[in-house]
Amino acid sequence: MENTETGKAVRTTCPYCGVGCGVIATPDGNGGATIAGDTEHPANFGRLCSKGSALGETLALETRLLHPEIDGQRVTWDAALDHVSSRISDIKEEHGPGSIAFYLSGQLLTEDYYVANKLAKGFIGTPHVDTNSRLCMSSSVAGHKRAFGADIVPQCYDDLELADLIVLVGSNAAWCHPILYQRIQVARAERGVRVVVIDPRRTATCEGADLHLPIEPGKDSVLWNGLLVHLADKGLVDWRFIGDHTEGFPEALAEARGQAGSIASIAIETGLNGIDIETFFSWWSEAPKVVSCYSQGVNQSAQGTDKVNAIINCHLATGRIGKIGSGPLSLTGQPNAMGGREVGGLANMLAAHMGFSPADRSRVSRFWQAPNLITDEGLKAVQMFDAIADGRIKALWVMGTNPAVSLPQADYVRAALCKLELFVVSENVVSNDTAAEAGVRLPAAAWGEKDGTVTNSERRISRQRKFLPLAGEARPDWWILSEVAKRLGYERYFAFESVSDIFREHASLSHFENGGTRPFDLGVLTDLSPASYDQLAPVQWPISQPGASGTERLFGEGGFATPNGRARFVTVRMPKLAAEVNEAWPFVLNTGRVRDQWHTMTRTGLSPRLWRHISEPFVEVHPSDAETMGLVQGQLAEVETASGKAVLRTLINEGQAPGSIFAPIHWSGQNSSAGRIGALVHPFTDPVSGQPEAKATPARISPLGVAYYGVVLSRVVPQIDDLAYWARSATSFGWTTHIALREGPTDWGAWSKTFMPDGEQVSFEDPSSNLFRVATLNSGRLEAVAYFASKPELPSLAWLASIFERTDLTANDRRSVLAGRPIEGLADEGDIICVCFQVGAHRIREAIRSGCNSVEDIGCALRAGTNCGSCVPELRRLLSDATSVSLDAAE
Ligand SMILES: Nc1nc2c(c(=O)[nH]1)N[C@H]1C(S)=C(S)[C@@H](COP(=O)(O)OP(=O)(O)OC[C@H]3O[C@@H](n4cnc5c(=O)[nH]c(N)nc54)[C@H](O)[C@@H]3O)O[C@H]1N2
Ligand SMILES: Nc1nc2c(c(=O)[nH]1)N[C@H]1C(S)=C(S)[C@@H](COP(=O)(O)OP(=O)(O)OC[C@H]3O[C@@H](n4cnc5c(=O)[nH]c(N)nc54)[C@H](O)[C@@H]3O)O[C@H]1N2
Ligand code: SF4
Ligand SMILES: [Mo]
């Protein structure tokens, strides 16, 4: 049944972060859709953040891969599928199944993921199946397994509203889990819930926090070990819970005492202030209900699994787990990070949370009737690409991820891809840094065109539903995989006709010979009819017994998934840094996300609105470091590590810890000359989970010597050769391209003609102040404008964008364009803070000056912050900046 009628509202789930918000999409009949939050979805109750709200702007087909390709040539599906299956057979025959690898993604739907895992691990017989979740959640998975015996998140989102204290460890939730952050902030305003943020940098998340602990990178476990000692010394542990439901407490405490015995020693080791540590300890131990949330500042480190267990230890010691408003809560990144773990997408899992014990293997083998079930774990992501580089792996199928950008040592990874005998990519987009290297490109159905399920951070399974027809010849990933399986001779085992067939099989495997031995159990969902699958309401697993309605919390009264039912305290040793800074590499390079972009920007990058918050790759530097390194605000900087180099715009930020620099992960070769930050990340991984340490690479930074900074705003992409730097972003009228020139041209006018469009040209040159400006007009409409200056001082882009929207430029407007500022009339917005209503910093500051003194006042005056709410932390920052300025003035 096609569910794609114009005007018919369809309930689905946001394809971005692990919050898993419900979305209502209403197709407009022209390939687009209007998007609204689903008020009935228990993750968001109708709210959507800036990225979710802009989903309607990412549905256009210009950048989509619309038909299969082999070596750049369009082919039929039959030809592509025959080619892939015969090459897989040949390579398997010649080099064995272990020469074939799959690299999957937490952005695949559960059904796609299930089929990929079954095909690879049960039928082709290769263990080398891993996923970008290795870079994302694997330390949490490993920590959960060590402590609980299975990969279980014991809590639910409601706990964030019911807690007395929320600790956000290594999480910039204001930008990365915005709807959960908003739920936390409502609870803070209404119930006085306290919020503590533990993060080396002062992020937007800290704007809504009561305490920020700027911990030194990698040292989290020392702080949590200190808390364990504090709890024991103050008599605040729950001896009954420890005695009845756990093991290993004395050993974990003894180790903690040895390394974190006093506030002073913790302060030295973590770089924190003793008073802040004491405040944190007393808040944590005295609050009746505490939720500790953790994300990539915990997972993506060489000590990630230990960090997870150090946090869980404190919850176990106080019996604060699986309780209403109390427990540890891993915030998952991708929309289906959890679903991938459920099907066994990681190289160290088999399927349905089962591993490689003889009993698990036998069960999976009988259930699948698998002829070639693997016997052991395969290579984890980083090692998988080493095996590609040294020729052990000869065939790779990448699905739903962009490893040439997102893996550590991304240059090395990209080079390794060229060595493959068979490289297949299933993608939505024609071109990204990974697909560009692929011999076979298969067009995958995108969000809105495909059906299936995802599981969010609170174990809640929600449906993604189709509301648009398939684009071009794109097909769902499960269909592509099943067609290859059939051609490999496994027709009987991959005869799926719909996603509900696959879901039923997946649910049945979870329930197969389970009998309460494995918490991951979807027993109730094993015989869903296609219609009831289609209508499936969001539900939290386990859901094993008839009549059950899902499980909000687990382990409140023990019953852990270990053989003896007891949770394990893990003895967490002193953290060892993977690499220390030294004279040659004096800075720690930290990496992460920005508010309005999603990963490598293949989707959010299509929305002009989302570019307006931040439009260039940047590096944040503390003012004192900037001074030492001779860097000024807005200057281009070269950042270098032992693995690679990047060129980034300098942002001087007090919130950055001295000695540490931060750069975002989103830029790639598609939109910047050298903004691909993965190229700089070192290859070290956590010894337990194999998760790469993406947050602490020793680096150096220096000013990039350029003669001219420039920006070109144009309706078509400008072709300019030999630039020292470029970065391009989408705008409502076309493109903004930031550039830099190693030297100025001898003749600006002649040179600018090489890339400016044809039309009426006006220009302005001032050699004495090293300025050159040129604009092209056509019948009163601005076609392109370019500004060059020897200093990184360029006109306000928000204001210029408004000029592009007009078709009747007056003489005055033309003068303002060349002046680079409004001469009269139009106000200059400055940086856009509220993307929903396009409200800029200048207007917000003006409103504050004229009397707005709360977020609500600004909302009433300008509407800023009143839709998705993602900018509220920044509104707070502008308000507090204004207060401190006026206090300074009063002094
Ligand atoms: N806007 C946006 N939201 C997203 C995504 C996106 O691309 N864009 N991606 C989604 C995905 S897949 C993920 S995994 C999540 C990630 O969500 P988060 O984990 O919240 O995001 P990051 O920015 O990667 O890192 C979080 C913080 O860890 C801090 N950190 C670094 N080192 C340490 C340390 O040693 N200790 C501590 N305590 N903190 C440290 C960093 O300074 C950073 O502020 O976001 C999800 N949501
Ligand atoms: N330095 C550094 N590196 C990092 C991180 C960091 O914090 N710092 N974070 C890591 C983390 S947590 C993550 S999750 C990764 C994310 O990194 P990636 O997974 O590499 O990034 P995405 O841009 O999300 O890539 C998804 C790709 O799948 C395509 N796609 C989308 N939907 C579908 C679909 O339904 N089917 C198919 N076949 N394709 C689809 C998209 O067009 C896109 O090209 O980056 C990791 N790398
Ligand atoms: S918080 Fe934003 S990105 Fe995450 S699921 Fe909700 S709407 Fe999507
Ligand atoms: Mo992630």
Side-chain angles (χ1 to χ4, degrees), residues 15-19 49-51 63-65 105-109 112 131-137 168-178 197-201 203-205 213 215-220 223 294-301 303 307 331-335 337 398-408 410 425-429 432-435 442-447 449-450 452 474 476-477 480 575 588-604 656-657 660 662-666 668 677-678 680-681 691-697 870:
Y16 298 129
C17 83
V19 177
C49 76
S50 49
K51 294 180 297 301
T63 56
R64 285 289 299 279
L65 177 63
S105 163
Q107 292 167 71
L108 295 172
L109 304 182
D112 298 325
T131 139
N132 63 359
S133 284
R134 180 70 53 202
L135 322 180
C136 182
M137 300 317 305
L168 294 163
V169 199
S171 153
N172 186 8
W175 283 10
C176 298
H177 296 94
V197 176
I198 307 178
D199 192 313
R201 20 174 230 142
T203 60
T205 302
L213 299 173
I215 196 156
E216 276 180 16
K219 298 299 180 65
D220 299 72
L223 181 70
Y294 43 96
S295 191
Q296 298 314 349
V298 167
N299 293 331
Q300 283 171 347
S301 35
Q303 325 76 18
K307 290 183 183 180
L331 298 178
T332 54
Q334 299 178 87
V398 169
M399 240 168 273
T401 175
N402 192 355
V405 182
S406 56
L407 270 172
V425 166
S426 302
E427 247 305 329
N428 290 164
V429 296
N432 67 21
D433 291 5
T434 302
L442 304 176
W447 183 77
E449 300 162 9
K450 53 194 285 176
D477 290 291
I480 303 173
V588 180
L589 171 66
N590 178 7
T591 63
R593 289 153 174 80
V594 303
R595 191 186 79 187
D596 290 350
Q597 295 296 348
W598 177 260
H599 297 164
T600 70
M601 304 202 270
T602 59
R603 287 172 289 168
T604 45
Q656 193 58 44
S660 167
F662 174 85
I665 61 171
H666 307 286
S668 70
I677 211 68
L680 281 70
V681 175
Q691 178 155 356
E693 176 174 90
K695 299 277 190 255
T697 306
S870 298

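As the structure lists them, so they are numbered: ligands from 1, and atoms in each ligand from 1.
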N or O contact, Lys219 vs ligand 1, cut-off under 3.5 Å = no
Heavy-atom nearest neighbour of atom 1 (N) of ligand 1 within options Val169, Val594, Leu168 | Val594
Compare Ala694, Cys17, Gly333, Ala174 and give the one whose heavy atom is closest to atom 15 (C) of ligand 1.
-> Gly333
Could you tell me whether some N/O pair between Arg603 and ligand 2 is separated by less than 3.5 angstrom?
-> no
From atom 25 (O) of ligand 1, work out which of Glu693, Arg593, Lys695 has a heavy atom at the shortest distance.
-> Lys695
Hey, does Asp596 come in under 3.5 Å of ligand 1, counting only N/O atoms on both sides?
-> no
Considering distance alone, does some N or O of Asn172 sit under 3.5 Å from an N or O of ligand 1?
-> yes
Does an N or O from Gly400, backbone or side chain, lie closer than 3.5 Å to an N or O of ligand 2?
-> yes
Atom 17 (O) of ligand 1: of Cys176, Pro664, Gly218, Ser133, the nearest heavy atom sits on Cys176
Does Asp220, backbone or side chain, put an N or O under 3.5 Å from an N or O of ligand 1?
-> yes
Considering only heavy atoms, does Val681 approach ligand 2 within less than 4.0 Å through its side chain, its backbone, both, or neither?
-> side chain
Number the atoms of ligand 2 from 1 as they appear, then name those within less than 4.0 Å of a heavy atom of Thr591, with their elements.
-> 1 (N), 2 (C), 6 (C), 8 (N)
What protein heavy atom is closest to atom 33 (C) of ligand 2, reported as residue, atom name and distance in Å?
-> Asn428 OD1, 3.3 Å
Does any N or O atom in Gln334 lie less than 3.5 angstrom from one in ligand 1, N or O only?
-> no
If we number the atoms of ligand 2 from 1 as shown, the ones under 4.0 Å from a heavy atom of Thr600 are 21 (O), 22 (P), 23 (O)
Report yes or no: does Ser301 have a heavy atom closer than 4.0 Å to ligand 1?
-> no
Does Asn432 reach ligand 2, in the sense of a heavy atom lying below 4.0 Å from it?
-> yes
Got the closest protein heavy atom to atom 44 (O) of ligand 2, with its distance?
-> Glu427 OE2, 2.4 Å
Where ligand 2 meets Thr602 - atom numbers and elements under 4.0 angstrom, heavy-atom basis | 41 (C), 42 (O), 43 (C), 44 (O)
N or O contact, Trp598 vs ligand 1, cut-off under 3.5 Å | no
Starting from atom 8 (N) of ligand 1, find the nearest protein heavy-atom neighbour and note its residue, name and distance.
-> Gln597 O, 2.7 Å
Nearest neighbour of atom 14 (S) of ligand 1 from the list Gln296, His666, Lys307, on a heavy-atom basis | Gln296
